[in-house]
Amino acid sequence: VDGDTIEIRIPTLEQCETCGGDGAEPGSPVDTCDTCKGQGQVRIQQGFLSIQQACPDCQGSGKKIRNPCKKCQGDGRVQSSKTLSVKVPPGVDNGDRIRLSGEGEAGEMGGPAGDLYVQINVKPHEFFVRDGNNLRANVPVDMITAALGGEIDVPTLKGKVSLRVPAETQSGKTFRLRGKGVQSVRTSSPGDLLVKVSVETPVNLNSKQKKLLEELQESLNESSHSHSPATSSWLDKAKRFFGEHLN
Ligand SMILES: [Zn+2]
Ligand SMILES: [Zn+2]
């Protein structure tokens, strides 16, 4: 999210130090390839067309080695590994690629090195799930606060904030905290933090607390109002579905 410089260690092919990358044993002569006269390219006639292609005898190097380097078997490269510092820009996401020019594998026969592409995989976070520029988090809220309304603590990337939960909040309700998401590498404004609350059923109740809930239940049953909107609408749907009265 904030960007950083990280160190990575990677396996790679590096230019052979013994032969300096040309693949010839030090001190042994390197001849010019007879087939292409050192050009590395040959022309072949195909019907009316004259096609240029890499020389098959020297693989395009234009040289002929008499004694291949023992260290690299004439390839000019050796298996190695290296540690690199990679500057990770703020807001990178899964699959983003960072190109490090010239940090790829050494070219054949002393040729120029290629580029290294570092592909980003973002590790899962304890609280937050990345969803584009938005972050998602699940936060529990106790039954009483959900019913009466109140403030709950919500984690953000920059520390705790207080979220006002309105009265009659149902489990699964999502609240949007604007600008508390991720500032991506591609856009100028940050995303939002989407907080989904799950209403928690109280546990370890003593007999007094159970009694209070039973009294509450009796009071709710006596009342003429519907106090469980999801249950009521579910029962209505179930009645229509089965075409009979359910008790
Ligand atoms: Zn070598
Ligand atoms: Zn050749």
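Ligands are counted one by one from 1 in listed order, and the atoms in each one are counted from 1 as well.
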Discussion item. Show me the pairs that pass ring-ring contact (aromatic ring centres under 6.0 Å, His included) and involve residues 128-173, at least two apart or across chains.
Written reply: His125-Phe128
Item to complete: May I ask you to decide whether Lys71 forms a salt bridge with Glu17, counting only side-chain N to carboxylate O separations under 4.0 Å?
Response: no
Worksheet item: So how many protein N, O or S atoms does the Zn ion (ligand 1) have within less than 2.8 Å?
Response: 4
What donor-acceptor contacts under 3.5 angstrom involve side-chain atoms of residues 22-33, with partners at least two apart or in another chain?
from	atom 1	to	atom 2	distance (Å)
Asp22	OD1	Ala24	N	3.1
Glu25	OE1	Lys70	N	2.8
Ser28	OG	Glu25	O	2.8
Asp31	OD1	Arg66	NH2	3.2
Asp31	OD2	Arg66	NE	2.9
Asp31	OD2	Arg66	NH2	3.4

Item to complete: Please examine the side chains of Leu193 and Asn134, heavy atoms only from C-beta on, and report whether any two atoms are closer than 4.5 Å.
Response: no
Practice prompt. Compute whether any side-chain donor of one residue and acceptor of the other, for Ser226 and Ser232, lie under 3.5 angstrom apart.
Written response: yes
Worksheet item: Which protein N, O or S atoms sit under 2.8 Å from the Zn ion (ligand 2)?
Response: Cys33 SG, Cys36 SG, Cys55 SG, Cys58 SG
Discussion item. Ignoring hydrogens and geometry beyond distance, is a side-chain donor-acceptor pair present between Ser233 and Asp236 at under 3.5 Å?
Written reply: no
Worksheet, complete the sentence: Nearest heavy-atom contact between Ser81 and Arg9 is OG-NH2, 3.0 Å
Worksheet entry | Donor + acceptor pair across side chains of Glu7, Thr83 (<3.5 Å) | no
Worksheet item: Within 45 degrees of the axis of the six-membered ring of Phe175 and under 6.0 Å from its centre: does Lys173 put its NZ or CZ there?
Response: yes
